[in-house]
Each structure stands twice: as structure tokens, then as C-alpha cells.
Amino acid sequence: MSKADQHHRRGPSLPDDVVAGPCPHLSEFRARHGAAPFRSLRECIHVRPPGRASVRRDPKEVTVCGACGQAPPRLYACLECAAVSCSLHAPSHAAESPGHAIAVDVNRAELFCCLCGDQVYDPDLDATVVLACGGGSSLRPPPPENLRKRRRVDYRPWDPDLKERVLISKNSTPLPDPNDGVSSSDLPLGLKGLNNLGNTCFMNSVLQALLHTPPFRNYFLSDQHNRYFCQQKNRGKKNEGSNSNKNLRICLACDMDAMFSAVFSGNRMAYSPARFLYSWWQHAANLASYEQQDAHEFFISTLDGIHEKVVKDKRKPHTQGSGDCCIAHRVFSGILRSDVMCTSCGFTSTTYDPCVDISLDLEPNHGSSAKTTPTKANNSCNGGTEAMSSSQSSSVATLIGCLDRFTRPERLGSDQKFFCQQCQVRQESLKQMSIRKLPLVSCFHIKRFEHSPVRKMSRKVDRYLQFPLSLDMAPYLSSSILRGRFGNRIFSFEGDELDASDEFSSEFELFAVVTHTGKLDAGHYVTYLRLSNQWYKCDDAWITRVNEHIVRAAQVYMMFYVQKMLYYKASEELVTS
Amino acid sequence: MSTKPVFHKTNKSHPWRASIKRPPTPDAEEDQDREPTLQEIINIKLIESGEKEKLKELLRERLIECGWRDEMKALCRAFTRKKGRDNVTVDDLVRVITPKGRASVPDSVKAELLQRIRAFLQTAAL
């Protein structure tokens with residue numbers, strides 16, 4: 001079997017309802033010649049990084065239209081006779097000579113049917129182009145090993161049997177009846193204010209978000225980290241460890257467990273997270289003070305604290321980004337892919353890094369294009385209003401815009417030349433980020449604090465950011481970014497690395513927003529929670545129901561999105577029945 | 001004019017092989033007893049020096065930075081949604097967005113490109 005066929009069979013191509021099949025002219029061409037003409041183009045393909053492929057019989061050739069001698073942007077070379085025509089003359093070439101319908105766009109290496117007047121796709125041509133661009137998976141580093149596929153299993157609803165019912169009733173106490181005449185009975189369970197213990201709104205805001213992070217909440221509420229067992233274990237270890245005597249009884253996960261119990265108890269009195277604060281101070285000693293801290297820094301530090309304690313206990317070997325180590329990483333950990341491409345030879349160096357959140361730069365203002373389009377677009381044909389609204393909204397920053405920026409190829413400055421292994425010299429390069437594995441919960445951190453090392457000052461960027469309630473992360477996945485890098489291809493050459501469930505679980509739903517008001521050193525954090533499509537403002541000890549427009553008017557600093565659909569994977573551990 | 005041998009390796013039967021002996025642009029060559037136009041000369045010089053490729057890259061970067069490309073994408077999407085995905089060809093899209101595209105290129109981008117071209121023409125000593 002040919003190499004191109006293998007690639008095609010191995011990877012899933014785009015689903016059939018997305019890509020139309022070949023046109024009759026392409027089918028006829030393939031019936032006559034098979035895949036040979038596409039593969040033989042290999043020598044004629046010249047690649048300009050980051051993946052722009054052009055087709056030239058002779059690299060120095062100046063391509064012009066055979067009929068008119070012009071060199072307009074779109075030139076097509078007939079695959080039968082190599083005659084070059086511009087888009088005006090291509091149909092007549094195809095009409096004159098039967099069987100000469102299929103041509104290749106010389107500047108994009110994409111197929112064009114001159115009779116249909118439209119682009120057509122062929123997996124063998126795509127495979128050839130991608131190979132020529134060096135995109136074959138043989139040149140890629142092996143994917144992170146933790147992404148080996150685990151068989152997906154169907155959801156099986158669970159009902160306790162008789163023995164389990166007895167166990168549950170013996171070991172639990174029912175929550176107080178919410179209809180006991182308490183006025184806030186229509187508020188959902190789990191809403192509880194957090195007292196400010198001295199500039200601790202940075203902590204309270206993140207804790208409120210964590211308390212309502214569905215997978216995180218479910219883990220603690222289903223008693224998977226039982227603080228009594230954990231403390232018993234630690235007491236037993238007291239005689240073992242040499243130093244860390246005081247660390248033995250400090251467990252951020254235990255304090256979280258206590259907080260969940262208190263918050264979901266139904267009692268509406270505000271809770272003082274003093275114990276948690278003390279434990280966190282032990283963990284992040286450098287941040288231990290009554291000064292205002294950064295909420296994002298607290299978030300990272302807390303996840304790290306939960307991880308450290310758990311890993312020390314279980315001594316489980318874990319691969320980065322797999323989330324097998326602790327609940328913090330199971331929920332928040334994803335994998336980012338970074339590609340650095342040499343601009344002269346196209347050699348790409350790829351690295352994978354785990355991450356627990358994504359920090360996004362705020363887009364700069366698009367001054368110039370917003371200015372010119374409204375006046376001129378008015379004079380053009382119908383549909384101009386659509387152009388106007390899209391150009392006017394380009395001056396407002398959106399989360400989608402920030403994500404687009406995050407995954408855009410960025411030209412690294414000439415002072416940051418990268419050593420290319422193929423060229424063996426330092427070359428200018430392009431860097432592109434993409435998401436290899438999506439976490440269960442995506443936390444987006446907006447970089448609102450600008451530090452100017454020159455003036456030794458920091459300031460806050462108060463620019464408004466628009467955000468969606470539902471977010472589809474598919475365009476930012478590595479598979480999408482890579483597919484787009486080589487032009488319009490139907491061929492998915494990273495197929496054997498793709499976990500098929502990525503296709504379905506890229507939709508996210510917003511459930512918490514942490515906002516910041518005020519200046520850098522004198523500001524206040526407030527969290528807005530979205531429960532059953534109702535918004536609740538959590539301002540330290542005060543929780544109120546608010547309308548959506550209040551949330552939209554706020555300056556978002558951190559946004560939490562959870563995957564809409566969660567899938568079960570077959571467990572690797574044997575379950576004893 | 002003789003054709004340069006392009007393919008060195010022994011080939012399988014690729015349709016393009018058969019046309020090695022045929023010059024790539026036969027018709028244009030028959031008319032080529034006249035002088036090439038200034039436009040054609042400039043185009044050839046731009047390509048041969050590699051400047052055309054650099055200018056194209058620069059233009060691409062600038063148009064992406066200022067959001068022009070995203071606007072064009074949005075226009076294409078809106079048009080495709082209106083006509084129906086299976087009723088749209090590349091030619092249709094080009095025809096529809098070309099006037100709006102040309103009109104909405106920011107002046108700063110035009111100025112920068114013109115400046116680069118002018119500089120090139122001076123050095124090419126035409």
C-alpha cells in the first residue's frame with residue numbers, strides 16, 4: 001500500500017457532511033490516472049514557511065497566463081498538459097481540450113476544477129503537499145505518552161442497592177429542610193458568603209469559583225478526599241518524617257473538604273476561611289501577609305498546594321498534564337503545544353507543556369481598519385451593513401479575539417533568533433501556540449496588569465472585554481491549527497494522535513467570572529457565579545442575585561469554563577467488587 | 001527557445017512528463033516578437049530578485065494584524081450562509097469580496113507597500 005494511502009487510512013478526515021465529495025470531473029480524472037499525478041508533483045512543490053506551498057516546474061520560473069501573458073493572483077496549471085491559465089482563461093482551456101478540467105493553483109498547491117469553477121479536494125494531493133511541507137507525522141516528536149487512548153465507556157446510571165442504602169443512612173445526616181421558613185429558600189444550595197479576613201478578597205473570589213467548579217465540587221462532595229482519614233494517616237506518619245513536622249497536619253485539600261462541607265450544609269451564615277488561609281500561608285510563605293495579593297497567583301498557588309500534598313502522600317508517578325496525580329490537575333490541567341518554525345527552511349521544533357490555565361493578552365485597539373471601513377463600505381453593494389458591524393466590533397476586545405491572537409503565528413524578533421537544526425545557524429522564526437489537550441475546566445486569565453520595567457511602575461489596563469456564555473474551543477486545538485497551516489486540506493495527518501472525543505468535547509460553558517475593580521494596589525475582587533442560568537454576585541460575605549448585564553459591564557479578570565459533555569474512560573485500575 | 005530539463009530522476013508516467021518538450025506558455029511566445037510591456041518587465045524583475053515574495057509576506061502580515069483578513073472571513077461566511085454552502089464557488093466569493101476588500105485596506109498599509117515598491121524600483125535602476 002502506498003505511503004499516501006496509509007496516511008489517509010490512519011487519520012480521520014473531516015466528516016462527510018463538512019466536505020463535499022469530488023466533482024465528476026475530478027472523479028473522472030482519478031479514474032484515468034489514479035493518484036500518480038498528485039504524487040509526482042512532489043518535486044515541483046516549493047515550500048515557504050510556515051507552510052505555504054507553491055507549485056513550480058522550475059523554481060526560477062516566472063508564471064504567467066498562457067493566453068493573456070498576465071500574472072494575476074490566481075494562476076492554474078493544468079494537470080494534463082502543464083499549461084498555465086489565469087482564472088479568466090481557465091474555463092476556455094478546459095472546454096477546448098476534454099480531460100483537461102483539473103488544474104492546480106500554482107501559488108497555493110490547491111486543486112481547482114476549471115469546469116466547475118470551484119476548488120476541489122483530493123486526499124492524495126493533500127498528503128503529497130503535507131509531506132513536502134515536512135508535516136508528515138514521522139517528523140513530529142512522539143506525542144505525550146499520557147494521551148494513549150483509553151477506551152471510552154458509556155455512562156451507566158447508578159442506583160444504590162440495599163446494602164449501600166443502609167450504609168448511606170447509617171453514615172450521614174440529612175441536610176436541614178430548605179423550606180423551613182428561611183426566606184432564602186429559593187437560592188440554590190452551595191451559596192455561602194466568605195468573610196474578608198483582611199484584604200483577602202483575592203482568596204474569597206477564587207474560592208467561590210472553585211467551590212462551584214463542577215468536577216472539583218463533585219470530587220469533594222463525594223468524599224473522595226476525606227479529611228478525617230487524611231489526618232489519621234498524617235498522625236501515623238508523625239514519627240516518620242525528619243523536618244516537615246508542622247507540614248504534616250497542613251493539607252489544603254483537607255481544608256477544602258471542610259469548606260465544602262460547610263458551604264453545602266444549607267446554613268446561610270457567612271464562613272470564615274481562616275484555617276484555609278493559615279494553611280495557604282504555610283504553603284506560599286512568600287505571599288503570607290495581610291496585603292492584597294493577586295487572585296491569579298493565589299489560584300496557581302492553591303492548585304500547586306493541593307498537588308504537592310497529594311503527590312507526597314501517594315508517591316504516584318505521574319506524567320505531566322495527564323491529571324492522574326491529583327484532583328487539581330485532573331480538573332484544570334491541559335497541554336499546550338508550541339511550534340517554532342524556521343522562516344528559511346521550514347524546519348519546525350515542537351514542544352508540549354502542561355498548563356493549568358491560559359493567560360491571554362488584551363488585544364490592542366484596531367484603530368486604522370475601524371476608521372476606514374465605515375465610510376467606504378457604505379458605498380459598496382448590499383451586505384455592506386454586515387461589513388460595517390463586523391468592523392465596528394473589531395474595536396471592542398473579545399475573548400475570541402484574544403484566543404485568536406494567542407494561536408496566531410507570531411514572528412519572533414531578530415534579537416530572538418532560534419537555532420535551526422536543519423540550517424545549523426540562527427534564523428528568524430515564527431512561533432505558534434495551540435492546545436493539544438483541553439482541560440475539563442478552562443481557566444482564562446486576562447493580563448490586565450502591565451509592568452513597565454523601565455519606569456518601574458505597574459498599571460492596570462481597564463479595557464472592557466466581551467465574552468461568550470458558550471465557547472467552542474475547536475479552532476484552537478492543535479489539530480485545527482495544524483490543518484489550517486498547510487492551506488485548505490481535507491487530510492488530517494495527525495489522526496493517529498487525535499483522541500476522537502476531542503471532536504465532541506470542545507464545547508465549554510461559562511460558570512464563574514472573577515472581576516477586579518479599582519487600581520493595581522487598591523482594588524477589589526468580586527466573583528459572579530452562573531448557576532442554572534442565574535447570576536449571583538459573591539462579594540466577600542454578601543451574595544446577591546444579579547442580572548446578566550451587570551456581569552457583562554464588569555472588568556473580567558479570570559473566566560472559568562467547564563466542558564459541556566464529560567465522558568467516562570475505562571479505568572486503568574481493577575475494581576474489586 | 002529550448003526548455004530546461006526539469007526532472008532528473010527516472011519517472012513514472014506523470015502527465016507533465018509528456019509536456020517537457022512543450023514550452024510552458026506556447027501561445028504567449030508566438031506573440032512575443034513584440035517587446036514585453038513595462039508591467040511585464042517589472043513583474044519579472046520583482047520575481048527574479050525575490051522581492052515579490054517578500055512584499056507578499058509583508059502585506060499578509062499587515063493585513064492580518066489590522067484585522068482585515070478576519071473581516072474578509074466574516075464576509076465570506078455571511079455570503080456562504082446566505083447562498084447555502086453547496087451553492088458557492090471560489091469564483092463567487094472572489095467576485096463578492098474583491099470590491100469591499102480593495103476598499104477597506106488601511107491607508108497605512110497601502111503607503112508602506114508603495115514605499116517599498118518605489119524603493120525597489122529605484123534600486124532596480126529601471
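Just so you know, these numbers come straight off a predicted model, no measurement behind them. A note on names: the letters A, B, ... follow the listed sequences, proteins ahead of strands, and every chain is numbered from 1.
- In this structure, no portion of B:Leu93 lies under 4.5 Å from any heavy atom of chain A.
- The shortest side-chain heavy-atom distance between B:Val90 and A:Arg74 falls under the 4.5 Å cut-off.
- Atom CD of B:Gln39 sits in a sparse spot, with 12 or fewer heavy atoms from other residues, nucleotides or ligands closer than 6.0 Å.
- A:Asp361 meets the side-chain contact (heavy atoms from CB on, under 4.5 Å) test with A:Lys447; sequence neighbours excluded.
- In this structure, A:Asp404 does not pair ionically with B:Lys73, as no charged nitrogen and carboxylate oxygen lie closer than 4.0 Å.
- Contacts of B:Arg77 with chain A are absent, with no heavy-atom separation under 4.5 Å from either backbone or side chain.
- When side chains are defined from C-beta on, B:Glu65 does not count as touching A:Arg408, because their heavy atoms never get closer than 4.5 Å.
- The structure places CG of B:Asp91 at 9.0 Å from CG of A:Leu88, a figure rounded to the nearest 0.5 Å.
- Using non-hydrogen atoms only and a strict 4.5 Å limit, the part of residues 105-114 of chain A facing chain B consists of A:Asn107, A:Phe112.
- Rounding to the nearest 0.5 angstrom, the gap separating the OG atom in A:Ser87 from the CZ atom in B:Arg95 is 12.0 Å.
- A 6.0 Å sphere centred on CZ of A:Arg32 holds more than 12 heavy atoms belonging to other residues, nucleotides or ligands.
- Neither the backbone nor the side chain of B:Val109 has a heavy atom closer than 4.5 Å to any heavy atom of chain A.
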